[in-house]
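Each ligand, and each atom within it, is numbered from 1 in the order the structure gives. Atom set for the values below is all heavy atoms of this structure, side chains included, hydrogens, waters and symmetry mates excluded.
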Amino acid sequence: MVRATLSFPSGFLWGAATAAHQVEGDNTNNDWWAWEQEPGRILAGHRSGKACDWWGGRWAEDFDRAAETGQNTHRLSLEWSRIEPSPAVWDDSALDAYRQMLRGALDSGLLPMVTLHHFTHPLWLAEKGAWHSDDIVASFERYTRKVVTALQDLVGFWVTINEPNVLAYGAYAGHDFPPGAGSMPKAVRALRNMALAHAASYRAIHELQPGALVGIAHHIRGFAPAKPGNLLDEQVARLRSRVFNETIPRVLTDGKFSMLGRSERLSGVAGTHDFFGLNYYTVERCSFDLTRPGQLFTRGSFPAGADLSPTGFIANEPDGLARALAWARRFGLPIYVTENGVEDPEDRLRPRYLAAHLRQVWKAVNVGNPVRGYYHWSLVDNFEWERGWTQRFGLWGLDTETQARLRRPSVDFYAEVCRANALSSEMVARYAPEALESLFPSHGPEGLDIERG
Ligand code: IFM
């Protein structure tokens, strides 16, 4: 067999990512908790409930798991509704709890990357319209200032908003997230406000903490024509990509907000990211469909024979990550893969998905793309929004009844990668043998130091 070791640069960050509402449990004061109580909103009627019981203190054992398996960073988020339960009323005990969590991460050797906003809103803000409320930008800046003032001795690595595009589509264009507005113009307005709020937050963080690194975790989904060569399929794939993938990174770079015929310069937004946070999962095939104006005339699918996750949510398309990283490089910023993973309770697909995606990260680094870290989604199975507990993204599984953690083989695979700061053919041979020939072809991929044995 061919033997090769793909080494990463020293100082590369290896971690996992989580989000407050998905792991903490008992987040009763936000719009998602309320949404979960409404019949029909969440698949199988699931609720977040205790989630992974991080608010009960189980973050400590999960951080131990991450650290003991070689991870050196963790991306987590703060729950706005705990910190500001009513407008401008601060709960210092919540901030203290986050201080303990962050101190715990640091003590375990995990550099914290902290997300200020990951999909949820305090109820009082949701009642005012959340991303449509008139004072959302000022509210987000006020929250940012409070948090950064309280936590800046423990954190210097901030994500302002997770996946503005997913939030805008899920909550405003579509019906999956609260408030389920189902209106594209509303999604455009929400996205514009997120760009403005991000910029206000970015400036506030830098004023309080000049050395901080601040960015967004941006979801890039690959869009490809279902029938290559079919002009209409190609056009809708390009349109989806422009609207979904390009709007936010561009406005943060040059201040120009262009979406669906609307184009304007947003003051103060240009140059407000210090790194490119990239969340990547899959590539969707797009077919033109005149009956779907709300979906930009697109029907999405995966090709026949795709290597699909158990619920058919994700196709294993590592080339899409390669393209996303190459595209992100044009912004001239350090890049962090802030999320990547697959739902797979039996851990049948995850090892080869992980191996194939890490190989693409290595290839990008190897051609000089400044990728500085990788965060697997996720550390432990957690509450998957409108899909409830039907999808399991954790390296560790979770028994929601007992809170027991179940160690999946991918834990050990990822631990070997993190500890070695490298992906080797030998690891792939043990954890994902079916992917060995495609990832480490016997004829030897270009640029590799090959040993034959
Ligand atoms: O669980 C989500 C996360 O909250 C945002 N990015 C995608 C993940 C998997 O669906």
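- Protein residues having a heavy atom under 4.0 Å from any atom of ligand 1 are Gln22, His118, Phe119, Asn162, Glu163, Tyr281, Glu339, Trp377, Glu384, Trp385, Arg387, Phe393, listed by chain and number.
- By the ring pair (Phe, Tyr, Trp, His ring centres under 6.0 Å) test, His273 is found to be paired with no residue, residues two or more places apart in sequence or in another chain being considered.
- Taking the centre of each ring, Phe119 and Trp385 come in below the 6.0 Å mark.
- Between Trp14 and His376, the ring center distance fails the sub-6.0 Å criterion.
- Of the candidates Glu284, Glu246, Glu234, Arg240 forms a salt bridge (Lys or Arg N to Asp or Glu O under 4.0 Å) with just one, namely Glu284.
- With sequence neighbours left out, the ring pair (Phe, Tyr, Trp, His ring centres under 6.0 Å) criterion links His117 to His121, Trp131.
- Partners of Phe297 under the ring pair (Phe, Tyr, Trp, His ring centres under 6.0 Å) rule, at least two apart in sequence or in another chain, do not exist in this structure.
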